[in-house]
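One structure below.
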2 protein chains.
Amino acid sequence: MADRFDCLRLENQLCFPLYAASREIIRRYKPLLDEIELTYTQYIAMLVIWEHRTISVKDMGARLYLDSGTLTPVLKKLEQKGLIVRRRDSGDERILNITVTDKGMALRDKAVNVPERMACSVKLTPEEAVSLCTILHKLLSDAE
Amino acid sequence: MADRFDCLRLENQLCFPLYAASREIIRRYKPLLDEIELTYTQYIAMLVIWEHRTISVKDMGARLYLDSGTLTPVLKKLEQKGLIVRRRDSGDERILNITVTDKGMALRDKAVNVPERMACSVKLTPEEAVSLCTILHKLLSDAE
DNA sequence: GTAAATTTGATTGAGTGCAATTTAATTTTG
DNA sequence: CAAAATTAAATTGCACTCAATCAAATTTAC
């Protein structure tokens, strides 16, 4: 019954549900993020910036697993919106520091309800959520 | 200790490891897919086409959770490579049927080692892989 | 101290994703 | 049957994502 191409069936791939679920979750964020006028990428960038207040582009890239080709236009957009400022480090001009503005901090108050509203949308038991998170971090940990 | 912004910390998001892991897996496919000159999206499209031999764009979209805006350019590229043909359905001209060519079927022989080589790259126990797959499908199932 | 190597971002180009609009074909309705 | 509604793809426009390349600043190694 099993033929040698079974491994190429879509349902036998681990990668595919991962990829599809990732896009599905981003889709569910969209209506919530529209309210605060952020794209998903801008949102996770702001999460890191809110945490650190000031952080270099390089360190942001390391936390988000994104390279400068992706981050540069996102950060320029966030600067345009007045949520952050981009300034070269005075000690080492190669480094670009990102700092959140007052307006950026004010947005955090509006963003704070996004995670709880998302939690309602994801119908996993707490055990499943923990298990999922653990396995994904294991996948990521032996990345790079 | 807990402040009301803890929910906005990157490490407390479920969405982020999902999104990062998805991109990480696609990155690991790249060197393998480069050998058969397919991008990741082209690869999962071919998985569906190999399974069905002939399938409409609409049905492909349903299986892959992708819309025509994404699929149309991917399928045109696959046609350019000679792996598939795109032909309107004779019964209902609104429908575009995708059919794999001999060259497309020949590529399957080269693709068959991709899944096993990927499995080696993903360091999960069988139990973890099953658990991950189950949870992801649950996430996807109450999508739409 | 200066040439070479490294580090940090920016830029460019190809390939997605997806919402919104358009076009063409078919089905439904009065 | 003809107008209206629906359906299937294609197109368009915006926003990533990433590889590859480039440019500027800094470190290092002689």
Side-chain angles (χ1 to χ4, degrees), chain A residues 15-16 18-31 33-34 37-46 55-62 64-81 84 86-98 143-144, chain B residues 15-16 19-31 33-34 37-46 55-81 84 86-98 143-144:
Chain A
C15 66
F16 177 68
L18 189 56
Y19 161 78
S22 170
R23 283 183 297 119
E24 171 59 25
I25 295 298
I26 292 175
R27 248 192 303 277
R28 287 198 213 167
Y29 266 100
K30 188 166 190 327
L33 295 180
D34 279 349
E37 292 179 293
L38 291 179
T39 64
Y40 179 74
T41 314
Q42 288 168 12
Y43 172 67
I44 61 166
M46 287 305 299
I55 184 173
S56 69
V57 173
K58 178 184 163 62
D59 290 345
M60 283 193 68
L64 297 173
Y65 303 89
L66 290 173
D67 75 1
S68 69
T70 302
L71 279 178
T72 296
V74 170
L75 294 172
K76 284 186 173 174
K77 190 77 186 194
L78 291 175
E79 184 176 48
Q80 260 182 36
K81 291 172 187 271
I84 62 165
R86 301 161 67 247
R87 229 179 349 236
R88 291 282 163 189
D89 190 283
S90 51
D92 183 342
E93 293 262 336
R94 289 172 305 182
I95 297 170
L96 186 69
N97 287 316
I98 305 302
E144 181 249 14
Chain B
C15 66
F16 176 68
Y19 161 81
S22 169
R23 285 183 296 118
E24 171 59 25
I25 294 299
I26 292 175
R27 245 191 303 276
R28 287 198 212 169
Y29 267 99
K30 187 165 191 325
L33 294 180
D34 279 350
E37 292 180 293
L38 291 179
T39 65
Y40 179 74
T41 313
Q42 289 168 11
Y43 173 67
I44 61 166
M46 287 306 299
I55 184 173
S56 69
V57 173
K58 177 185 162 63
D59 290 345
M60 283 192 67
R63 295 226 37 201
L64 297 173
Y65 304 88
L66 290 173
D67 76 359
S68 69
T70 302
L71 279 177
T72 295
V74 170
L75 294 172
K76 284 186 174 174
K77 192 76 187 192
L78 292 174
E79 184 174 49
Q80 260 181 36
K81 291 172 188 271
I84 61 166
R86 300 160 70 246
R87 229 180 349 236
R88 291 283 164 187
D89 189 285
S90 51
D92 184 340
E93 293 262 337
R94 290 171 306 183
I95 296 171
L96 186 70
N97 286 316
I98 305 302
E144 180 249 13

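Here the structure is a predicted model, which is why all the values come from computation and not from measurement. To find a chain, count down the sequence lines: A is the first, B the second, and so on, and within it residues start at 1.
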Spatial distance of atom CG (B/Leu38) from atom OH (B/Tyr43) [nearest 0.5 Å]: 9.0 Å

Nearest-neighbour nucleotide for the B/Lys58 side chain, D/dA8, D/dT11, C/dG9 considered: D/dA8

Selected nucleotide, minimal atom distance to A/Asp92 side chain, candidates D/dT27, D/dA15, C/dG9: D/dT27

Six-ring centre of B/Tyr65, B/Arg63 cation under 6.0 angstrom, axis tolerance 45°: no

Ring-face cation of B/Arg27 near B/Tyr29 (centre distance under 6.0 Å, axis angle within 45°): no

Rounded to whole Å, how long is the line connecting atom [atom1] of [X] with atom [atom2] of [N]?
{"X": "B/Asn97", "N": "D/dA8", "atom1": "CG", "atom2": "P", "result": "12 Å"}
{"X": "B/Leu71", "N": "C/dT16", "atom1": "CG", "atom2": "C1'", "result": "11 Å"}
{"X": "B/Arg87", "N": "D/dA8", "atom1": "CZ", "atom2": "C1'", "result": "18 Å"}
{"X": "B/Tyr29", "N": "C/dT16", "atom1": "OH", "atom2": "P", "result": "16 Å"}
{"X": "A/Asp89", "N": "C/dT8", "atom1": "CG", "atom2": "P", "result": "11 Å"}
{"X": "B/Glu93", "N": "D/dA8", "atom1": "CD", "atom2": "P", "result": "15 Å"}
{"X": "B/Arg88", "N": "D/dA9", "atom1": "CZ", "atom2": "P", "result": "7 Å"}
{"X": "A/Leu33", "N": "D/dA15", "atom1": "CG", "atom2": "P", "result": "14 Å"}

Pairwise 5' ranking along DNA chain C for B/Gly91 and B/Thr39, keeping only the more 5' one: B/Thr39

Worked verdict on B/Arg88 versus B/Glu93 for salt bridge (charged side-chain N to carboxylate O under 4.0 Å, His left out): CA-CA 5 Å; B/Arg88 291 283 164 187; B/Glu93 293 262 337; 5.6 Å; no

Comparing B/Lys76 and B/Arg94 on DNA chain D - which has the more 5′ nearest nucleotide: B/Arg94

Toward the 5' end of DNA chain D, by each residue's nearest nucleotide, A/Ser90 or A/Gln42: A/Gln42

So which protein N/O to nucleotides 17-20 of chain D N/O distances come out below 3.5 Å?
from, atom 1, to, atom 2, distance (Å)
D/dT17, OP1, B/Tyr19, OH, 3.3
D/dT17, OP2, A/Thr41, OG1, 2.9
D/dT17, OP2, B/Tyr19, OH, 2.5
D/dC18, OP1, B/Arg23, NH1, 3.3
D/dC18, OP1, B/Arg27, NH1, 2.8
D/dC18, OP2, B/Arg23, NH1, 3.0

Any donor-acceptor pair under 3.5 Å from A/Glu79 side chain to A/Lys76 backbone: no

For the student: nearest non-hydrogen atoms of A/Ile44 and B/Tyr19, plus distance: CD1-CE2, 3.4 Å

Residue pair A/Ile98 / A/Met60, side-chain heavy-atom distance below 4.5 Å: yes

C/dA10 phosphate, OP1 or OP2, under 4.0 Å from A/Arg86 side-chain N/O: yes

